[in-house]
Structure formats: structure tokens, C-alpha cells
K.L.:
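First, the structure itself, so that you have it in front of you.
Note that the structure is a prediction, hence the values are computed from the model and not measured. In what follows, chains are A, B, ... by sequence order, proteins preceding strands, each numbered from 1.
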Protein chains: 2
Amino acid sequence: MTVTIKDIAEKAGVSYATVSRALNYKYGVNPSTRRQILEIASSMNYSPNAIARGLVKKQTHTIGLIIPDITNPFFPEVARGVEDMSEKMGYSIFLCNSNWDKTKENRYVKLLIEKRVDGLILAPSASVITEEDRQIYSRLPVVLMSGVQSGSGTSSVVVDNVKGGYIAGKYLIEKGRKKLCYIGGAEDSFSVKERFEGFFQAAESSISVSLSPDLVKFGDYRQKSGYRIMKELLENRNIPDAVFASNDLLAIGVIQAIRASGLKVPEDISVIGFDNIAAAGFGEVELTTIEHPKYRMGELAAGILLEKIDLKPEMQENKRVVLEPELIIRRTA
Amino acid sequence: MTVTIKDIAEKAGVSYATVSRALNYKYGVNPSTRRQILEIASSMNYSPNAIARGLVKKQTHTIGLIIPDITNPFFPEVARGVEDMSEKMGYSIFLCNSNWDKTKENRYVKLLIEKRVDGLILAPSASVITEEDRQIYSRLPVVLMSGVQSGSGTSSVVVDNVKGGYIAGKYLIEKGRKKLCYIGGAEDSFSVKERFEGFFQAAESSISVSLSPDLVKFGDYRQKSGYRIMKELLENRNIPDAVFASNDLLAIGVIQAIRASGLKVPEDISVIGFDNIAAAGFGEVELTTIEHPKYRMGELAAGILLEKIDLKPEMQENKRVVLEPELIIRRTA
DNA sequence: TTGAAAGCGCTAACAG
DNA sequence: CTGTTAGCGCTTTCAA
């Protein structure tokens, strides 16, 4: 049915080892034989079988990438970084979407290992890395991204969340805000915790500023969650004059809730987000936020992974790269 | 190194054929032997080699998905549909991003074929389908999505673009708009053309409404393009009272340009988009638009492809599914 | 119910 | 420079 090197060999009147050599531009093939083989191959519409090659070479030139939410513009941006870098190095990627579901994530990891990917880049859906996870990650080169604590036993690329939170807090305080509020994604997430930590530090550093526990709320990472939480706060007349949301989607939801209640952003309540997704700059959203080097993060993760892949397991060492956040001032704060 | 069925066979004291049978839940294995084998397999941390299996079964349970722009929220939404459906049916996907680059797209198609995907879902980066494309698509089951003319020689899933354009036009006219403007993506794109066609029909149907050629402009599919084109129009004092943009990202750019010039949306100029991406509902964007059944489109494409995959080539017939657009009224028109 | 053996398409020694 | 051969890890006849 499909043409194989044997078919080519037959037509060219050589052994199929020679065809393999010619096709792979190996030394020791007569130029004219090679030319002939190449010609026949292309005339027969030959497509090398990467599966068969993978079986013998024990590498597939494929890496797995698992992200928790392809629908949050943050992750596609990261994925682009991973993909561009991988493609440049001759690798293709299996992109999987765990949908913030740890079980699904684990299923994908298992599947990707079965498909014998050469390495794995993972933006984990949960921050806690269990002993079991560790054991799995030890089976192949892994790089973790975004929302991973250090000492995870693998390489990782993250933004400096504490610093980002601190910058956000400082900025709001400088703007004269007194009653701060923090709205985070999952409560057990490291990045959410760290961003809070930085924000809290900033609040603590100023005597006249409050960040009371009843203005620290958690939900998930989606816009609706920001809307719901803020709406509740407003309905309970528990009204801050500044909100730091742990990502832009939440921040956008927060803004919607505020405006729906008749209050103004930033006049009545300042809002600041995190990630700097494209939508943050749209029209009158004009969200003030913290730049999260998304593309760069993906690029770095892929680079580190590919480097690892080329090394013998015992030579692989774990790196942790921490990227710098940056304040992006727009209109909401 | 890694555990194979031979290792298991040895430990269990059976032939490796038996192990294969047990692992695959085939008939004709003594239940107690099977239990023992399963136990040994799991204790040895056995992970089946999908590469080896793919080689003999000549199917990989993998499908390729190529989209032109992972950064446009439209496509991730479609991808989710594809992925959910595929996963349900036991397939995983290779997601590739062609970045609106036909060459890159072709490279990916070739690569995916080499990786022996069982089928391909493609949102083409260019509308024109060449003879060469056709030939490639004939090598494996293919479903085209979004922006494909009928008679492409493969199955396809699209939205009714003409109807969508018509709905948009009708709505603007009902609102009393007289001087219409169309801002499209790539000029040679079918969806862009079809949306224009419907829009044009609506304009034609009303005597007092104009849609003059100098208010029909094309660029690419990105926000910046909408901004640039609209800005130019405004600077040239060529000012419509309603704009239909061929996607939401363009529309958002258009709105930004209008507001930057001091004019108001929708008071001075109504704006309507296409796709209904999540960002269209954000904050004060509140874009009026045409719902494009994104997730459903992905789901359907995957469903059709998987159905094809199960059929012998000569039994495969091409389907064309046309989805209904729907007007989503918000604030900008 | 099980084993032996062939073969999927390819690469990589080893000879020649 | 080229051919022969073994083998990657698995499934699948064919016999037993």
C-alpha cells in the first residue's frame, strides 16, 4: 500500500540499506546512486515512517506539552513560545489541555509516555507535587512551568510572583489607596499564594494601609469567578478601594462587577491584574497589570528541555529560571 | 532499560505472546494467568510502547490538528471541541500552529503524515486549495474547517458565512445606519469574501443604504490591522456610520481607532464583529457580533474525521456541515 | 489456553 | 561504496 524503502530499493536495484543511507544523507553512498534513489523516492511519493524510525532510534523527536486551560490567552502565548523553539530544533509537540483537572493531567502524562515523547513540559493544574508525580517525572526529562514551587525535583521556569505582587501593591499604595483587596485563583496554588505574599508585604510596609482577611478571596482562574467574588463583596457592602486580582481574566470579571454596580474604575476602585494578556489592552478594558513573560517562558522551557534531552540522564541537572515581572500601567489603576 | 513484555513474560514464566494477550484483554487467556501478568506488569511499572504497537497495527490513534493562529481566541475554542471529542473516542491530537503561513502549514502536514497520524483536521491558512493540496489530502482522512469553499474534495465544517454577513448588515440597516463599511481579513479568503457577500446583499436590498468600494478594506486577521485600517479611514475623513468587521479581533481594533479619534461607539459609528470570542464580552468592549459555533465546529470536525477513519477509504464519503450563525447584540451596534 | 515464529518499516553494525 | 543481517517492541497467525 504505502511505499517503503524496500519498494524503492527494488526499483533502484539496490539493497534497502543503501536506500536508508541515501535518504539520510549518510556518508559512503555513491553520489549517482544517491541521486537516483532520491529521484525514485520522490517520484513514488515516499514518506518516511517516523514510527518505524522511532522504534529503532528510541527517540521520536516529539515533546509533550500539557497546559491547564487553552482558553485562557495566557497559555496559548506560552505554547507559541514552546512551539517556535521546538520547531526550530526539529521537534514537534503534542499539545494537551488538562482543563485544570489533575486526573486528566495524569492521564495525559501517562499517554505521552506511552507515545514515547522525548520530554515533557508541564504547566501543572495543581501546585502540590506528590511523591507519585515525582516518580513519574523521573522517567523522562521534564520541565515545569508557571506556578511551581522550587525544589520540585525538576527544572522549572516561573515568573517572580512575590515580586510581581509586591510591585502591584506598592503601585496601588503610591496611588493613595488604603483599603486593599486580593482576589486569587485556587487557594492552594503556589503562584496565587506567592503573589499574595508579595502584595501582603507591600501592604504591611505602609502603616495606613489595610488588607484585611475578609478582603482576601479565592475562586478559580476564570473571569466568572472574578465577577462572582466581587459582586458578593459589593453586595455585602464590603468595599475596597483597590483590588489586585491574581490574573487578568479574574481582573476583567472584577471590573465588570464593579461597573455593573454603578461604581467607577479606577475612580472608586482601582483594579490591577497579572499576566498582561492581549485582551487586557482591548478597547476600554485598559487593564493595568503585571507583565508575565509568557512567550519567553515557553521558549525557555523548551530550550531547557531540549538541552536535557541531549544529555545522558546522569548528566542532566535541574535548572530553575525566574523571570522578571513588570508593571504595565493602563487605565484601571 | 525500559520494561517490555519480554521482561514480564520472563518473570511470569510464560511466552510474551501470552503477555500481549493478557495486557490487551483478549479472549483465551486463563484468568489466573492474566491476573498474575497484570500484577507483574504494574509492579514493574510497565508502560506499553505505543510506537511499537503503531508500527504493527498501522494506526496510531492520533490525529493532527493544524490551526493558523493559536493566539486568536477563536481557534483555541475550536481546538477544545476537537480535543474533547477526540479524547472521548480514545484519540490524542498533535496540535500545530501554522501562524497563517502556508509553507509552515505544508511542512506540518508532511510531518504529521510522517508521524502517521490516522487523520487530519485543518483550518487552512489560505483559502485556495491547490491541486497539490488535494493530492496530499487524498493520502489520509482529512476534514477542513472554517474558511473553505465547498467542493474542496474533502469533508468540511463551516459556518454559514453569507448568512452571517447578511444578518449583520440587516441589523445595522434596521438601526438606521446608511453608510456601511466592511473591514475584512485577507482579501483572498473565502470566509472573508462570503461574509462580505452576505453583507453586500443586505446593503443592496435597501435603497437608501450605501456600501461604496472605498469603504471595503482588507488586511489580516489581527486587531492591529483593524486599528490601522480604521485609523486611515478616519484620517481621510472617509467616515462610515457603521462597520462590519470580518472577525472580532479586527472589530476590537476598529473600536479602538474610533475611540482614539474622539468619536463614540455606537453613537457615531456602530461596530459589529464576527466569531463571538470571549473577549467580545469583556468589560466595556461589549461588542455586538455574530456567534460562530466554535466549540461545536471542532467537535463536529473530530466526529466526522473519526467516523472516516473507521471506514475503508472507498467507503469514505465527504460531508459538508454548515453551521448557523446567530446575532449577539451587545453595546457597540 | 498457550507457544513459536513471522513481520510491521526502519537503522546500524559487520562484512565484503 | 554496498549488501547481509539482526533487532527495536509489539501483534497476530498457525500449531500444538
Side-chain angles (χ1 to χ4, degrees), chain A residues 1-38 40-41 44-62 90 111-118 139-140, chain B residues 1-38 40-41 44-62 90 111-118 139-140:
Chain A
M1 192 54 232
T2 51
V3 347
T4 72
I5 49 173
K6 284 194 183 168
D7 301 320
I8 300 177
E10 199 170 339
K11 224 174 196 170
V14 295
S15 79
Y16 63 88
T18 303
V19 175
S20 172
R21 287 188 199 107
L23 257 21
N24 290 294
Y25 296 89
K26 288 255 165 77
Y27 287 111
V29 181
N30 185 309
S32 87
T33 338
R34 150 164 315 139
R35 206 162 332 120
Q36 196 204 156
I37 290 174
L38 257 32
I40 293 179
M44 294 181 86
N45 247 320
Y46 170 72
S47 161
N49 186 327
I51 294 295
R53 173 181 292 158
L55 186 58
V56 12
K57 309 236 332 183
K58 286 168 174 303
Q59 49 165 313
T60 53
H61 275 262
T62 304
L111 188 71
L112 290 168
I113 292 180
E114 289 186 3
K115 289 200 181 281
R116 297 295 189 264
V117 294
D118 296 334
R139 303 184 61 163
L140 78 173
Chain B
M1 189 59 230
T2 51
V3 184
T4 73
I5 49 173
K6 284 193 183 169
D7 302 319
I8 300 177
E10 198 171 338
K11 221 171 197 171
V14 296
S15 78
Y16 62 88
T18 302
V19 175
S20 171
R21 290 190 194 102
L23 256 22
N24 290 294
Y25 296 90
K26 288 256 164 78
Y27 287 111
V29 180
N30 186 310
S32 87
T33 337
R34 151 167 313 143
R35 206 163 331 122
Q36 199 206 154
I37 289 174
L38 257 31
I40 294 179
M44 295 181 85
N45 248 320
Y46 172 71
S47 161
N49 186 327
I51 294 293
R53 175 183 289 157
L55 185 59
V56 13
K57 310 232 339 178
K58 287 165 173 306
Q59 47 166 313
T60 53
H61 276 261
T62 303
L111 188 71
L112 291 168
I113 292 180
E114 289 185 3
K115 288 198 181 283
R116 296 297 189 263
V117 294
D118 296 335
R139 304 184 61 163
L140 78 174

K.L.:
Quick check on contacts: within residues 18-27 of chain A, what sits under 4.0 Å from DNA chain D by heavy-atom distance?
P.N.:
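The stretch gives A:Thr18, A:Arg21 as the residues lying under 4.0 Å from the strand, ordered by number.
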
K.L.:
Taking all heavy atoms of A:Thr60 and all of A:Asp118, pick out the closest pair and write down the distance.
P.N.:
N-OD1, 3.0 Å

K.L.:
Whether the B:Ser47 and A:Arg116 side chains hold a donor-acceptor pair (N or O, under 3.5 Å, no angle test) is what I'd like checked.
P.N.:
yes

K.L.:
May I have the step-by-step check of side-chain contact (heavy atoms from CB on, under 4.5 Å) for A:Asn45 and B:Arg139, ending in yes or no?
P.N.:
CA-CA 10 Å; A:Asn45 247 320; B:Arg139 304 184 61 163; 3.6 Å; yes

K.L.:
Using heavy atoms to find the nearest nucleotide of DNA chain C for A:Tyr16 and B:Ala17 separately, return the residue whose nucleotide is more 5′.
P.N.:
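Its nearest nucleotide being more 5', the pick is B:Ala17.
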
K.L.:
Show me the donor-acceptor pairs, under 3.5 Å and distance only, between side chains in residues 26-34 of chain A and residues at least two apart or in other chains.
P.N.:
unit_1  : atom_1 : unit_2  : atom_2 : d
A:Asn30 : OD1    : A:Ser32 : N      : 2.8
A:Asn30 : OD1    : A:Ser32 : OG     : 3.2
A:Thr33 : OG1    : A:Asn30 : O      : 3.1
A:Arg34 : NH2    : A:Lys26 : O      : 2.8

K.L.:
Show me, pair by pair, the donor-acceptor contacts under 3.5 angstrom made by side chains of residues 49-57 of chain A, not counting sequence neighbours?
P.N.:
unit_1  : atom_1 : unit_2  : atom_2 : d
A:Asn49 : OD1    : A:Ile51 : N      : 2.8
A:Asn49 : OD1    : A:Ala52 : N      : 3.0
A:Arg53 : NH2    : A:Asn24 : OD1    : 3.3

K.L.:
For DNA chain C, whose closest nucleotide is more 5', that of B:Gly13 or that of A:Pro48?
P.N.:
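This one resolves to B:Gly13.
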
K.L.:
At their closest point, which heavy atom of B:Ala9 faces which heavy atom of B:Ser15, and how far apart are they?
P.N.:
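In terms of heavy atoms, the two residues are closest at CB-C, 3.8 Å.
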
K.L.:
Just so I know, are the side chains of A:Ile37 and A:Ile40 near enough to count as touching, which here means a heavy-atom distance under 4.5 Å?
P.N.:
no

K.L.:
Which nucleotide span of DNA chain C, 5' end to 3' end, has atoms closer than 4.0 Å to non-hydrogen atoms of chain A?
P.N.:
C:dG9 to C:dA13

K.L.:
Contact boundaries of DNA chain D with chain B (under 4.0 Å, heavy atoms), 5' to 3'?
P.N.:
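Under 4.0 Å from chain B, the extent on DNA chain D is D:dG9 to D:dT13.
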
K.L.:
Give the intermediate values and the outcome of side-chain contact (heavy atoms from CB on, under 4.5 Å) for residues B:Thr62 and A:Lys115.
P.N.:
CA-CA 10 Å; B:Thr62 303; A:Lys115 289 200 181 281; 2.6 Å; yes

K.L.:
Listed by chain and number, what are the side-chain contact (heavy atoms from CB on, under 4.5 Å) partners of A:Tyr46, not counting sequence neighbours?
P.N.:
A:Val3, A:Ile5, A:Ile8, A:Leu23, A:Ala41, A:Pro48

K.L.:
Over all heavy atoms of both residues, which pair between A:Asp7 and A:Thr2 is shortest? Give the atoms and the distance, please.
P.N.:
OD2-O, 3.8 Å

